[in-house]
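Input: a single structure, listed below in structure tokens.
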Amino acid sequence: MASQPSTQPQFEIQKVYLKDVSFEAPNSPQMFTQAWRPGTKVQLSTALIRLNEDIHEVALSITVTATVGEKTAYLVEVTQAGIFSIKGFADAQMNQLLGAYCPSILFPFAREAIAELIAKGGFPQLLLAPINFDAVYAQQQRSEQAADSGAKH
């Protein structure tokens, strides 16, 4: 009897890597002489590239801007990427994996890179709070559905 090929869904991390990084401290060294009470703004986005039927690149981009008064103390941009092999999942599950699960895998790597860059720039270390990528993905889905229904009217 010939063995049947596996029809079980498969998920595999093939590679995690730093795709792009930038650190700017446009107002140093003056920033080091001021009281450190920064306002911090964090932006994130994801990008997906299908490399072939089962292989996908997911890139998580995070930008952190710290300001003191009207001046930028630092600006950090990190794009952490991963290559994932994903087979045998329904479309909705595949979208959830690519839109939420993969970014949640990449986030700790990006957070570490950001913390190191800020510390190497001479500023107090910043540890980004955890992000619920399932909630972010769900919000994006709701926004897209609202935009789609608004476009149909």
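Here Glu57 pairs with Lys19 under the salt bridge (Lys or Arg N to Asp or Glu O under 4.0 Å) rule; sequence neighbours left out.
Between Phe32 and Gly122 the shortest heavy-atom distance is CE2-O, 3.5 Å. Annotation for Thr79 and Ala59: closest pair CG2-CB, 3.8 Å, computed over non-hydrogen atoms. Scanning both residues, Leu97 and Pro103, for their nearest heavy atoms gives O-CD, 4.2 Å.
Side-chain contact annotation: Gln145 with Arg142, donor-acceptor N/O pair under 3.5 Å absent.
Among residue pairs with one or both ends in residues 42-67, none qualify as ring pair (Phe, Tyr, Trp, His ring centres under 6.0 Å); sequence neighbours excluded.
The environment of Asn52 atom CG is dense: over 12 non-hydrogen atoms of other residues, nucleotides or ligands sit within 6.0 angstrom.
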Side chain to side chain contact (heavy atoms under 4.5 Å, CB included) between Phe133 and Leu60, intermediate numbers included:
CA-CA 11 Å; Phe133 285 96; Leu60 172 64; 4.0 Å; yes
Show your working on side chain to side chain contact (heavy atoms under 4.5 Å, CB included) between Leu18 and Phe109 and close with a plain yes or no.
CA-CA 8 Å; Leu18 192 58; Phe109 295 96; over 6 Å; no
Take Arg111 and Val78 through the test side chain to side chain contact (heavy atoms under 4.5 Å, CB included) and record every step on the way to the result.
CA-CA 9 Å; Arg111 178 173 52 192; Val78 168; over 6 Å; no
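Leu98 and Ile49 fall into different hydrophobic clusters, defined by Ile, Leu, Val, Met, Phe, Trp and Tyr side-chain heavy atoms under 4.5 Å apart, directly or through other members. Grouping the Ile, Leu, Val, Met, Phe, Trp and Tyr side chains by contacts below 4.5 angstrom, directly or via other members, places Ile86 apart from Leu51. Ile105 and Ile55 are not part of a single hydrophobic cluster, where members link through side-chain heavy atoms under 4.5 Å apart.
Using modelled atom types, one side-chain atom of Gln80 and one backbone atom of Tyr17 make a donor-acceptor pair closer than 3.5 Å.
Residues Tyr101 and Phe11 bring their aromatic ring centres within 6.0 Å.
Between Thr65 atom OG1 and Leu75 atom CG the span is 4.5 Å, to the nearest 0.5 Å. Atom CZ of residue Phe84 and atom NZ of residue Lys15 lie 12.0 Å apart, to the nearest 0.5 angstrom. Between atom OH of residue Tyr137 and atom CG of residue Asn132 there is a gap of 13.5 Å, rounded to the nearest 0.5 Å. Ile62 CD1 to Leu128 CG: the interatomic distance, rounded to the nearest 0.5 Å, is 6.0 Å. Here the SG-CD1 distance, from Cys102 to Ile83, works out to 11.5 Å after rounding to the nearest 0.5 Å. Here the CG atom belonging to Leu126 is positioned 6.0 Å from the OG1 atom belonging to Thr40, to the nearest 0.5 angstrom.
Side chains of Met31 and Phe123 form a contact here, defined as non-hydrogen atoms less than 4.5 Å apart.
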N/O donor-acceptor pairs under 3.5 Å from side chains in residues 21-29, not counting sequence neighbours:
{"from": "Asn27", "atom 1": "ND2", "to": "Thr72", "atom 2": "O", "distance (Å)": "2.8"}
{"from": "Ser28", "atom 1": "OG", "to": "Ala25", "atom 2": "O", "distance (Å)": "3.1"}

